[in-house]
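To start, the structure itself, in structure tokens.
Convention: sequence-line order gives letters A, B, ...; per-chain numbering from 1.
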Amino acid sequence: MVVDFAEMEKKWQRRWSEEGLERSDIDPNKESFFLIFAYPGVTGYLHVGHMRGYTISDAICRYKRMRGFNVMFPVGTHATGNGAIAFARRVERRDPDTLETLRENGCDSETIAKLADPISVVNYFNEVYLNNYWKRFGFLSDWRRFTCTIYPDYEKFIEWQMIKLNKAGLLMQKPYFAAACPEHGPVAIDASETDLQRGGSAELVEYVALKFKMEDKFLLAATLRPETIFGLTNFWVNPKADYVVAEVGDEKWILSMAGAQKLVEQREDAVIVAHIVPSDLIGTVCIAPYTGKEIPILPSELVDPGVGTGLVMSVPSDAPYDWIGLVDLREHPEKLEGLNVTLESLAKIDPIPIIKTPGWGPLPALEICEKMGIKELSDPKLEEATKEIYKSGFHRGLMTEVAGEYAGMPVEQAKDMIKSLLTESGEAIDFYDLSEEVVCRCGNRVMIKRIPDQWFIDYADRELTDKSKSHAEEMSIFPREYYDNIQGILEWFRERACVRQGNWLGTKFPLDRKWIVEAIADSTLYPVYYLISMYANERLISPENMTEDFFDFVLRDEGGAEEVAEKCGIDSALLLRIRDEVSYWYPLSINLGGKEHMTVHFPVFLMNHVGLLPKKYWPRGIIVNWYITGGGGKISKSKGGAQPIPGAAAKFGVDPLRLFYAHVASLYVDVAWDDDKVEHYKNRMLRLFSIMDELLSAEEKPRSRIDDWLLSRLNERIRRINEAMDVYDIRSLANEVYFELPADLRWYTRRGGAFRGTIESFLETWIRMLTPITPHVAEELWHGLGRKSTVSAERFPEPREDWSNPSAEAEEEYLRGLIEDISQILKVTKITPDKLVITVATDWKMELFYMACQMARSGNRDVGVLIKSAMGMELPGADKKAVLKFAKSLMADLAKMTDDLLDRISSKFDEVGVLSSSADFIASYFGASEVVIQKADDEKRYDPTGKADAAKPRRPSIFAE
RNA sequence: GCAGGGGUAGCCAAGUCUGGCCAACGGCGCAAGGCUUAGGACCUUGUCCUUAGUGGUACCACGGUUCGAAUCCGUGCCCCUGCACCA
């Protein structure tokens with residue numbers, strides 16, 4: 001079968017657009033359904049995996065539309081941040097990978113030339129997403145409402161949001177420590193390294209820097225383990241490093257040059273005033289904070305001047321590096337040459353037990369070095385040893401008696417207490433650093449900078465948190481696990497920095513225009529903005545009209561129409577129209593987004609709604625989707641999927657892709673992309689056309705029992721599908737519609753079904769059900785059936801009483817069970833049957849069976865009672881022994897059955913009748929020339945092996961020869 | 001570190017909340033047959049062991065609750081994901 005998917009897609013998309021199916025306007029007679037997917041960030045081309053969530057969104061919306069809802073499904077893009085800037089920079093410096101990607105995606109050189117400008121990048125990709133992705137995939141989205149976070153009208157909306165947050169008391173300012181380049185200001189540290197030359201995976205490290213008194217100055221040692229001060233034995237200085245004196249207030253601090261530069265970023269009052277040579281330090285002593293202990297200063301080349309403050313306090317009991325450092329000096333006295341340190345003084349240094357950890361002796365560092373055979377400072381195992389000791393000591397260790405008032409306390413707890421004690425007494429300061437070297441694009445080293453007046457949104461606010469949590473309980477949140485987890489996430493969510501400076505696209509912060517609103521903060525309330533964007537896009541309102549009063553009125557029902565209209569300079573009728581639009585469509589029914597939004601976007605989306613909009617506008621649902629990946633994580637070339645999205649659409653067809661997304665797995669697991677799989681879905685699509693052809697061209701036969709069966713099955717599946725879609729289980733819909741129903745159809749045909757009326761009813765119903773997932777194919781088939789309407793605008797089937805036929809289904813199930821049994825027997829015996837004898841149980845067994853069913857249904861499954869009643873019954877032809885035996889096995893069977901099954905099995909039907917009318921079918925199925933149907937009590941029965949009496953109700957005995 | 005998810009037959013993947021039509025949906029792969037005769041198409045049957053339709057063994061491992069467990073509880077082993085100025 002040849003199907004030109006591309007042409008078919010174009011044809012129907014044009015038709016939908018002509019009919020305006022995608023447009024969403026108020027209709028007071030219909031209930032609204034409003035779904036968005038979390039808009040993508042504009043950072044480059046998307047790949048086929050990204051289309052999964054979007055496609056599911058469209059399928060859900062199409063389903064809802066067909067169920068009679070008035071559906072709103074707008075799309076937009078998120079351009080805030082540095083993604084577009086980074087992209088433009090790559091184009092500007094003609095990065096080969098970037099240029100190749102652009103060309104692969106069909107971007108001509110003229111366009112490429114324009115993409116050195118970030119705004120052009122945004123505009124370019126907005127077009128790509130809209131035309132090459134979303135429209136290409138047949139989405140029925142209201143394109144008039146498209147918006148982007150850097151549009152001037154959108155920015156007015158964000159300004160309003162920030163103003164309202166402030167008025168609601170949800171903004172606050174406090175110091176903050178963030179990565180920054182000394183020249184270019186704030187930079188983003190992330191793996192894509194858009195701002196950086198290297199160091200994208202660095203993390204923020206919070207040290208405590210302890211002050212060790214030395215004459216009139218302090219040595220500043222950064223540590224992660226302040227609780228180990230009790231085990232201090234010495235101090236480490238790198239004999240080759242560059243040290244300086246920094247003046248901080250009226251104190252003089254000594255630290256490495258690099259450390260001092262970091263210090264300057266973190267404290268405005270710090271100034272570097274002098275250099276100092278390491279040999280002036282080594283060999284002298286300093287006084288430890290808190291304990292007041294005097295300790296010697298020793299050399300160690302392992303002290304990295306670039307890490308922390310470039311000075312290290314030594315705790316050989318628990319730090320393998322420190323222990324081996326001492327060992328090293330003892331064994332290499334030449335390292336002490338020219339330094340004022342004697343071997344005798346070294347020999348006096350003994351590790352002090354400070355932490356008792358289960359499984360370890362008093363000096364774990366010595367122990368682990370021994371165990372792992374570490375003897376040299378150059379041994380790479382030192383790192384592992386350090387981690388091991390730290391992990392077990394921190395989680396399970398207790399402070400020993402040397403810790404004074406902290407003795408016996410868990411390390412985890414002592415650490416925090418000692419830290420705050422030292423910082424509060426001025427004996428230590430917080431000191432921030434990065435876990436690895438981070439270098440800005442400009443070549444400068446990125447450091448942690450103190451931002452004294454950072455703005456935050458106070459998501460820790462008690463009232464806001466509580467309201468959000470209780471509202472989340474009322475929402476439809478999928479999957480179930482996330483419904484449960486979101487409670488904890490909302491509780492955990494703290495203040496969040498909401499503005500930033502630097503190289504960044506986004507809205508200027510209205511309270512202080514030196515800031516730009518950060519990328520999560522401007523993407524929380526936006527679903528409601530789609531209800532306004534259309535008016536801005538159509539130039540009915542302009543950004544100047546979009547004042548605080550305007551938004552207050554349309555989003556919060558505040559103020560009088562006339563008065564507000566005058567203030568913001570637009571017509572009051574228009575103002576009312578926009579407000580009505582909001583109140584008709586809002587709240588949002590579903591926000592669908594990827595799993596990465598679970599701890600970031602979804603909570604703030606919810607809390608901003610709760611904090612700023614009236615309760616009637618709080619969102620109703622969230623769906624989280626997992627990804628299509630390439631086996632290892634990213635989409636890879638080996639398994640396919642690396643091609644641009646339009647290429648995939650051309651290769652496989654849009655509908656096969658849509659079916660792949662919907663059926664390959666539930667939304668809540670990651671799935672690897674696989675060309676072969678998609679290819680199979682394509683075949684499945686093609687098959688739909690031939691199925692219809694075959695059905696319609698078959699020679700008609702009169703209506704029979706199998707017609708009842710098919711319609712009843714169809715009806716049951718409709719019921720199941722609608723039930724599944726109540727919880728957005730799109731995979732179940734796909735499974736029933738694309739796999740189960742065709743299987744039913746095959747059985748129907750095989751059983752001789754070919755009644756035109758049934759076939760048309762079936763097709764008509766089935767094609768409607770194909771529409772949400774594979775709309776183009778559905779339209780094509782719908783018209784192939786001679787319908788003139790667009791099926792996308794038709795109603796989705798609902799169960800109908802007149803199709804339901806439980807007895808027809810029961811009969812067919814009985815027959816299929818029998819066929820299975822016969823197959824079993826033939827398989828085991830390897831008989832090719834010429835004659836099949838099927839014997840139905842005797843009447844008295846039937847009678848007993850029904851009675852037992854009645855008993856079981858009324859809750860009585862006791863064998864004794866059954867036997868007693870059986871004995872009292874008149875059962876012609878039955879002997880007591882047989883009755884007893886049968887009653888026992890009967891109750892054993894019934895005991896295992898569910899009520900539902902009991903109900904079904906209890907209804908009477910005529911086994912002999914069903915079998916007689918199917919005898920020909922059974923014969924042809926097995927290629928037998930004769931099928932005999934008989935009753936067990938038939939005197940003329942054919943029973944060469946004496947099996948006939950084994951027949952039970954619903955389980956006839958079988959003999960083959 | 002903080003939080004969360006998961007281990008199901010050769011592979012992917014339903015089922016687990018609400019225990020019982022579950023030897024476990026569906027797909028893929030494989031085998032046989034059919035159709036057709038080069039099309040990666042389609043249809044049928046089979047695909048844990050055993051067996052005249054029975055029985056046994058199975059849903060990471062071990063233990064428990066129950067008349068009954070893939071499903072509930074406990075312990076252990078293994079894998080994965082997200083984490084805030086990256087959207």
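Annotation: B/A13 and B/G6 have their P atoms spaced 14 Å apart (nearest Å). Distance noted for atom C1' between B/C83 and B/C73: 31 Å (whole Å). The separation of B/A69 from B/C17, taken at their C1' atoms, amounts to 15 Å, rounded to a whole angstrom. Between B/U75 and B/A9, the two P atoms lie 25 Å apart (nearest whole Å). Between the P atoms of B/G63 and B/U71, the separation comes to 14 Å (whole Å). Here, B/U50 and B/A23 have their C1' atoms 14 Å apart, quoted to the whole Å. Using C1' as the reference atom, B/U81 and B/G33 are 46 Å apart when rounded to the nearest Å. Between the P atoms of B/A70 and B/U8, the separation comes to 15 Å (whole Å).
Position along RNA chain B of the nearest nucleotide to A/Ala950 versus A/Gln454 favours A/Ala950 as the more 5'-ward residue. Comparing A/Glu481 and A/Val828 along RNA chain B, the residue whose closest nucleotide (by nearest heavy atom) sits nearer the 5' end is A/Glu481.
A/Gly81 comes within 4.0 angstrom of sugar-phosphate atoms only, judged by non-hydrogen atoms across all strands, and of no base. Backbone-only contact: A/Ala519 has heavy atoms under 4.0 Å from sugar-phosphate atoms and none from a base. Looking at heavy-atom distances under 4.0 Å, A/His601 makes no contact with the nucleic acid at all. Heavy atoms of A/Val669 sit under 4.0 angstrom from primed sugar atoms or phosphate atoms, though from no base atom. Looking at heavy-atom distances under 4.0 Å, A/Tyr738 makes no contact with the nucleic acid at all. A/Glu740 comes within 4.0 angstrom of the backbone, heavy atoms only, and of no base. Heavy atoms of A/Tyr925 sit under 4.0 angstrom from primed sugar atoms or phosphate atoms, though from no base atom. Using a 4.0 Å heavy-atom cutoff across all strands shown, A/Pro833 reaches no nucleic acid atom at all. A/Trp626 comes within 4.0 angstrom of no nucleic acid atom, judged by non-hydrogen atoms across all strands. A/Ser823 comes within contact range of no nucleotide atom at all, as no heavy-atom separation falls under 4.0 Å. Across all strands, A/Thr829 comes closer than 4.0 Å to base atoms (heavy-atom distances). A/Ala734 comes within 4.0 angstrom of no nucleic acid atom, judged by non-hydrogen atoms across all strands. Within 4.0 Å (heavy atoms only), A/Arg731 reaches at least one base atom of the nucleic acid.
At whole-Å resolution of the value, CG in A/Asp484 and P in B/G82 are 21 Å apart. Atom CD1 of A/Ile486 is separated from atom P of B/C83 by 16 Å (rounded to the nearest Å). Regarding A/Met692, its CE atom lies at a distance of 18 Å from the C1' atom of B/C42, rounded to whole Å. Rounded to an integer number of Å, the gap from CD of A/Glu820 to P of B/A23 is 12 Å. Taking atom CG of residue A/Asp744 and atom P of nucleotide B/U44, one finds them 12 Å apart after rounding to whole Å. Between A/Leu836 atom CG and B/A52 atom P there is a gap of 17 Å when expressed in whole angstrom units. If you take CZ of A/Arg494 and C1' of B/A84, they are 13 Å apart, rounded to a whole angstrom.
Across every non-hydrogen atom of A/Ala948 and A/Ala936, the tightest pair is O-CB, 3.9 Å. Annotation for A/Thr43 and A/Tyr129: closest pair N-OH, 3.9 Å, computed over non-hydrogen atoms.
Judged by Watson-Crick or G-U wobble contacts below 3.5 Å, the nucleotide B/G19 has no partner.
Between A/His680 and B/G29 there is a side-chain N or O to OP1 or OP2 distance below 4.0 Å. The phosphate of B/A14 (OP1 or OP2) has a side-chain N or O of A/Ser666 nearer than 4.0 angstrom. Taking only side-chain nitrogens and oxygens, A/Lys827 never comes nearer than 4.0 Å to OP1 or OP2 of B/U50. Under 4.0 angstrom from either OP1 or OP2 of B/U54 there lies at least one side-chain N or O belonging to A/Arg955. In this structure, A/Arg746 reaches the B/C43 phosphate: one of its side-chain N or O atoms is under 4.0 Å from OP1 or OP2. At B/U45, one or more side-chain N or O atoms of A/Arg750 fall inside 4.0 Å of OP1 or OP2 (strictly under the cut-off).
From A/Asp675, atom CG reaches atom NZ of A/Lys682 across 11.5 Å, with rounding to the nearest 0.5 Å. Separation of atoms CD1 (A/Ile958) and CG (A/Leu818) is listed at 5.0 Å; rounding is to 0.5 Å.
Checked against a 6.0 Å centroid threshold, the rings of A/Tyr681 and A/Tyr738 do not count as neighbours.
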Check the pair A/Tyr54, A/Tyr661 against ring-ring contact (aromatic ring centres under 6.0 Å, His included), reporting the backbone distance first and the verdict last. CA-CA 10 Å; A/Tyr54 309 152; A/Tyr661 294 129; 9.5 Å; no
Assess whether salt bridge (Lys or Arg N to Asp or Glu O under 4.0 Å) is satisfied between A/Asp670 and A/Lys595, documenting all intermediate values. CA-CA 10 Å; A/Asp670 288 329; A/Lys595 61 182 176 180; 2.7 Å; yes
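Donor-acceptor pairing under 3.5 Å, judged by distance alone, is absent between the side chain of A/Asn735 and the base of B/G26.
With no hydrogens or angles considered, a side-chain donor-acceptor pair links A/Glu812 and A/Trp747 at under 3.5 Å.
Proximity note for A/Arg480 (side chain, C-beta onward) versus B/G53, B/C17, B/G5: the nearest is B/C17.
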